Number of protein chains: 2
Amino acid sequence: MSAPDGAAGSVAVDDQRKDRPDGLVHFGPLSEALGFLLRLAQLKSFAGFFRSFEAEDIRPGELTVLMVLHENPGIRQGMLAKSLSIKRAHMTKMVRQMEDEGLILRRVPEDDKRAMELWLTEAGEARVAVLAPILAEHETGAAAGLSLTETAELKRLLRKMLNIRNGAGG
Amino acid sequence: MSAPDGAAGSVAVDDQRKDRPDGLVHFGPLSEALGFLLRLAQLKSFAGFFRSFEAEDIRPGELTVLMVLHENPGIRQGMLAKSLSIKRAHMTKMVRQMEDEGLILRRVPEDDKRAMELWLTEAGEARVAVLAPILAEHETGAAAGLSLTETAELKRLLRKMLNIRNGAGG
DNA sequence: AAAAAATTGTCTACTGGGAAACAATAATGA
DNA sequence: TCATTATTGTTTCCCAGTAGACAATTTTTT
């Protein structure tokens, strides 16, 4: 457990390099680190996302905003940001661009002139109508490397961890 | 299941706003979307990371590089990048900065003059010796909202999904 | 041997996203 | 009422991370 000196280190190293013939990397304690695993899993999952939505030119963030607005019309911009863990500064950019694209409508509520209520336009709803089935199809399958049961369990644990109810009607 | 028209939508909307008294947002189908759940979980997990490592001024990416170099001395820069799903261009910046900080050593191997082998310096090993116990301590607990058993199961599923062996020696 | 193709790290742009300061408004307290 | 404090969205500036082109090498093919 002492800090290795150069000589002893290099010996062990050579042995280990022989054990690493091709692409095999030892993660050590990282393989127990939840954040590390979540980050890699997210990247892998996003790769699958882009595969499924290849034809639609959409990003994960935009899809989530569209879906949440569909489910919560008139939601305040700040609450939308908070619920998606997107910073308000960034949310401003996103929703403004989507407003320019004609997907959402922003309105200052009368009871609070600081705030901004968000609504889907008809074009936005139409976009959701196109995207939602693709998402549903994308999510029916199992995650790569897992069985369907395991995938469901994984999602359940993540929801519990995030305190999210399963609102996907059967 | 048909696309909602404007009028019917706005009625439902008003009802729904009453049902959303404070901070409660309906995620709908998103609550079944693995990528969405993974992203939120990762953000939550990283928040915990920064809490645990508050005193150490380190980022998740730097920690992973240090740990992987500790476990795989002499690994090629490109393989390190690939194993961590970090793009080579970005990995160049990271390792160069860490080289400047005296944490790692980069060397062109004789059998391939394009490549770059990475090693921890003694300072780098010392840094690992400080960080590893903090990481271990950080990972002993359960994820917020989950039991210890559930946390273990979550990690197991993520590792399986990522095809990673558990290399954390008990 | 020579040529073509693939790999490796690096560079230069560019984008997504965050921190911090700000103005406008609302809520709170004296 | 008036002053103070908190909230909401926005702006500006910055940094992590990516895409794509590139030079240097290695590997493969002819």
Side-chain angles (χ1 to χ4, degrees), chain A residues 20-23 25 35-36 39-40 42-44 46-47 49-50 54 57-65 69 74-101 104-119, chain B residues 22-23 25 35-36 39-40 42-44 46-47 49-50 54 57-65 69 74-101 104-119:
Chain A
R20 204 195 315 126
D22 183 51
V25 176
F36 174 71
R39 176 179 160 275
L40 289 186
Q42 196 215 338
L43 290 176
K44 182 166 188 171
F46 273 35
F49 173 93
F50 285 113
E54 198 174 19
D57 183 38
I58 190 153
R59 303 163 179 293
E62 294 171 12
L63 178 62
T64 56
V65 166
L69 286 190
I75 191 177
R76 295 249 179 114
Q77 195 170 305
M79 186 181 294
L80 175 64
K82 185 178 178 185
S83 72
L84 297 177
S85 290
I86 293 174
K87 292 294 171 288
R88 281 172 309 165
H90 182 43
M91 182 58 78
T92 296
K93 300 177 193 173
M94 281 189 68
V95 294
R96 279 194 166 172
Q97 177 177 344
M98 294 174 77
E99 185 183 33
D100 290 345
E101 293 167 356
I104 76 182
L105 187 140
R106 309 193 321 135
R107 196 185 64 179
V108 175
E110 298 190 353
D111 59 321
D112 189 343
K113 294 179 181 172
R114 299 168 301 177
M116 204 57 107
E117 282 179 355
L118 305 182
W119 313 73
Chain B
D22 183 51
V25 176
F36 174 70
R39 175 179 162 276
L40 288 187
Q42 196 215 337
L43 290 176
K44 181 165 188 171
F46 273 35
F49 173 94
F50 285 112
E54 199 175 17
D57 184 37
I58 190 154
R59 303 161 178 293
E62 294 171 14
L63 177 63
T64 57
V65 166
L69 287 188
I75 191 176
R76 295 249 179 114
Q77 194 169 304
M79 185 179 296
L80 174 64
K82 185 178 177 184
S83 72
L84 296 178
S85 290
I86 294 174
K87 294 290 173 290
R88 282 172 308 166
H90 182 44
M91 183 56 78
T92 296
K93 298 179 192 176
M94 280 189 68
V95 294
R96 278 192 165 173
Q97 177 177 343
M98 295 174 77
E99 185 184 31
D100 289 346
E101 293 168 355
I104 76 181
L105 188 141
R106 310 194 318 136
R107 196 184 66 179
V108 174
E110 298 190 353
D111 60 319
D112 190 343
K113 294 178 181 174
R114 299 167 303 179
M116 205 56 106
E117 281 179 355
L118 304 183
W119 313 74

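Please read all numbers here as calculations on a predicted model, not as lab measurements. By convention in this document, chain letters (A, B, ...) are assigned in the order of the sequence lines, proteins followed by strands, and residues within each chain are numbered from 1.
Contact annotation for B:Ala89: base contact, defined as any heavy-atom pair under 4.0 Å involving a base atom.
Contact annotation: A:Thr92 side-chain N/O to D:dT10 OP1/OP2 distance is under 4.0 Å. Between A:Gln77 and D:dT10 there is a side-chain polar atom (N or O) within less than 4.0 angstrom of OP1 or OP2. Listed pair A:Arg88 / C:dC22 fails the phosphate criterion, with no side-chain N or O lying under 4.0 Å from OP1 or OP2.
In this entry the distance linking CZ of A:Arg59 with P of D:dA19 reads 10 Å, nearest Å. Taking atom CE of residue A:Met116 and atom C1' of nucleotide D:dT7, one finds them 15 Å apart after rounding to whole Å. Whole-Å rounding puts the A:Met79 CE to D:dG9 P distance at 10 Å. Between the P atom of D:dG20 and the NZ atom of B:Lys87 lies a distance of 11 Å, rounded to the nearest Å. Atom CG of B:Asp111 is separated from atom C1' of D:dT25 by 12 Å (rounded to the nearest Å). Remark: C1' of D:dT18 and CG of B:Leu84 are 16 Å apart, rounded to the nearest angstrom.
Along DNA chain C, the nucleotide closest to B:Arg96 and the one closest to A:Asp112 are compared, and the more 5′ of them pairs with B:Arg96. For the pair A:Met91 and A:Leu43, nearest-nucleotide mapping onto DNA chain D gives the more 5' position to A:Met91.
Listed candidates were C:dT10, C:dG16, D:dG17. Nearest to the side chain of A:His90 is C:dG16. Taking only side-chain atoms of A:Arg114, from C-beta outward, the nucleotide of D:dT25, C:dA26, C:dT10 with the closest atom is C:dA26.
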TODO: Before giving the answer on side chain to side chain contact (heavy atoms under 4.5 Å, CB included), spell out for B:Met116 and B:Val108 the whole-Å C-alpha distance, their side-chain angles and the decisive distance to 0.1 Å.
DONE: CA-CA 5 Å; B:Met116 205 56 106; B:Val108 174; 3.8 Å; yes
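Taking the six-membered ring where the residue is Trp, B:Phe50 and B:Phe46 present perpendicular rings, their angle passing 60° and hence far from 30°.
Here the OG1-CE distance, from A:Thr64 to A:Met94, works out to 6.0 Å after rounding to the nearest 0.5 Å. Rounded to the nearest 0.5 angstrom, B:Ser85 OG and A:Arg39 CZ are separated by 6.0 Å.
Between B:Val25 and A:Lys82, the closest side-chain pair of non-hydrogen atoms is not below 4.5 Å.
Side chain A:Lys93 to base C:dG18: a donor-acceptor pair is found below 3.5 Å.
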